Number of protein chains: 2
Amino acid sequence: MTMDKASDRSLSQTVKAQLALRELVLRGALNPGERVSELQMVERLGVSRTPVRMALVRLEEEGLLEAIPSGGFAVKAFSEKEVFVSIEIRGTLEGLAARLAAEHGASRSALLNAAECLDEIDDVIRREMLEVDLSQYVELNARFHRILIDMADSPPLTRQLERASALPFASASALVPVQSRSPELHHILTVAQDQHRCVLTAIERREGSRAEAIMREHARIAHRNLERALSNQRDMDLVPGSALIKRRIRA
Amino acid sequence: MTMDKASDRSLSQTVKAQLALRELVLRGALNPGERVSELQMVERLGVSRTPVRMALVRLEEEGLLEAIPSGGFAVKAFSEKEVFVSIEIRGTLEGLAARLAAEHGASRSALLNAAECLDEIDDVIRREMLEVDLSQYVELNARFHRILIDMADSPPLTRQLERASALPFASASALVPVQSRSPELHHILTVAQDQHRCVLTAIERREGSRAEAIMREHARIAHRNLERALSNQRDMDLVPGSALIKRRIRA
DNA sequence: AGCCCATTGTCTGTATACAACCTGTCTTAG
DNA sequence: CTAAGACAGGTTGTATACAGACAATGGGCT
């Protein structure tokens, strides 16, 4: 965890700065609205101004920072509604991906790959009833979503979705851990997995409209998780980048 | 048109470089796939390497350039399918915007503003029957789409749509001029304008699903225009950035 | 004659120096 | 006591120097 400084000599300084800076922002080390000083980051990240500047520009495009009119960048703050819409955007684009995959047909190998992924998720959910460890589910879930997007086979859509998922709390599995302490956990995972199976079936059968609708609804599970996280600070802490979300009431 | 070089001393060098470089790419002055050399751009744009580099990064994020693995950037080439999907993405997101606007209600002033814009478009279409000058229509059309997006009042969605419309041939009115020589011109403008009116009505009546469907279909007019442009090189020349689109057959 | 290796030229990645700008504070005049 | 202006500190925007990497080319060896 603390070996980020000198490690990875192979990576370019720019990438190193980008990763480290994103980590800082997500961890909440910089306060929302606060200006991110280039020079401070120079001494904090151990690289010169040029890569820092590069990283700042890229993180702005990513949506984690926003440009200050007078120059420089500040940590962005997100309202509850903005998070909600970000999730809706992702769901809409994933819906589009599913529809395109259904309409022009997915490759046999991709379908098998996806089915295999779902079987593994089933295993994890079964085991989940004994010991709660969502990391595997989160990873497999992300993998399934990636397979689905690849099925659309449309680079521009992939790009847009990457961008939509760049906001940490908008990505496919960012809000899953929120439910880890919930008694509904198993219920929710079961429902989500059923949607996974349904959308895959719809794609196989070339039912584009259905595939799209399912993916949209699937993303709305994240809305529920968000709702829960906004109520309990304890659950909120499980979400990466939660420090960027403006709370409704300050306790 | 030729006063871009030394003018606008107030603008930052980075912005100047970005605008000039985008112009070069869209004009087709750089061949798709070709590497964009920083030093060559330095002497071509009259600014130093730092702003050039900045502009390159931003144009990559915009989608006009792509990173070369070994370093640097190249002009991106788009397949017919990629253009098609880019249009579909824009339509989908505009559909989402219309639905959100309908569901949570648009402000009275925004609705009036939009209606006024549509009246102006009506005027232009009427005049269009005499003299063909689409520039006004293009501008008003863009304005209406912007008003619509603003009605959603969702910064993340606005951002994503800006990004989706960054590709020149994917934006709302980029492909309109394609029809300027077509006998169907008046027909198409009439249909498009009717969709404008319908979507506005749907938003007023809080018919979210309908508003969304209309905007999606509305964007598909661009598909038809694209089809036409791909057949006639003469029409293709009217589209900015057409040089980036890979032709199916090389004549 | 063909292939491999070395060398050279050009490119990008990085660091840093300089200048213009904005901001906040302190002083001074009304 | 207030308000306006000037100054100082720090910030970013820009330019340029340097080093490492990649690619192309030419010569030598087989």
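A quick note: this is a predicted structure, and the numbers were derived from the prediction, not measured. Sequence lines set the chain letters: A, B, ... in the order given, protein chains first and strands last, and positions in each chain run from 1.
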Check the distance between [N]'s [atom2] and [X]'s [atom1] and give it to me in whole angstrom.
X: A/Phe73; N: D/dT11; atom1: CZ; atom2: P; result: 16 Å
X: B/Gln18; N: D/dG13; atom1: CD; atom2: C1'; result: 15 Å
X: B/Ile68; N: C/dT12; atom1: CD1; atom2: P; result: 8 Å
X: B/Met54; N: D/dT12; atom1: CE; atom2: C1'; result: 10 Å
X: B/Leu45; N: D/dA15; atom1: CG; atom2: C1'; result: 15 Å
X: B/Glu38; N: C/dT14; atom1: CD; atom2: P; result: 12 Å
X: B/Leu39; N: D/dC22; atom1: CG; atom2: C1'; result: 15 Å
X: B/Glu43; N: C/dC11; atom1: CD; atom2: C1'; result: 14 Å

From C-beta outward on [X], which listed nucleotide comes closest to its side chain: [options]?
X: A/Ser70; options: C/dC22, D/dT16, D/dG13; result: C/dC22
X: B/Pro51; options: C/dC11, D/dT11, D/dA15; result: D/dA15
X: A/Arg49; options: C/dT14, C/dA15, C/dA17; result: C/dA17
X: B/Ser12; options: D/dT11, C/dC11, D/dT14; result: D/dT14
X: B/Gln13; options: C/dT16, D/dT14, C/dT12; result: D/dT14

Sugar-phosphate, base or nothing in reach of A/Val36, heavy atoms under 4.0 Å: sugar-phosphate
Sugar-phosphate, base or nothing in reach of B/Arg35, heavy atoms under 4.0 Å: sugar-phosphate
Are any of [X]'s side-chain N or O atoms less than 4.0 Å away from OP1 or OP2 of [N]?
X: B/Thr50; N: D/dT14; result: no
X: B/Arg53; N: C/dG13; result: yes
X: B/Thr14; N: D/dT14; result: yes

Donor on one side chain, acceptor on other, B/Thr14 and B/Ser12, under 3.5 Å: no
Any side-chain heavy-atom pair of B/Met41 and B/Leu24 under 4.5 Å: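 When only atoms from C-beta onward are counted, B/Leu24 and B/Met41 do touch, with a gap below 4.5 Å.
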B/Phe169 and B/Phe78 aromatic ring geometry - parallel, tilted or perpendicular at 30°/60° bounds: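 Perpendicular: the ring planes of B/Phe78 and B/Phe169 meet at over 60°.
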Plane angle bin for B/His196 and B/His218 - parallel if under 30°, tilted between 30 and 60°, otherwise perpendicular: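 Correct class here is perpendicular.
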Over all atoms of both residues, closest heavy-atom pair of B/Leu238 and B/Ser180: CD1-OG, 3.5 Å
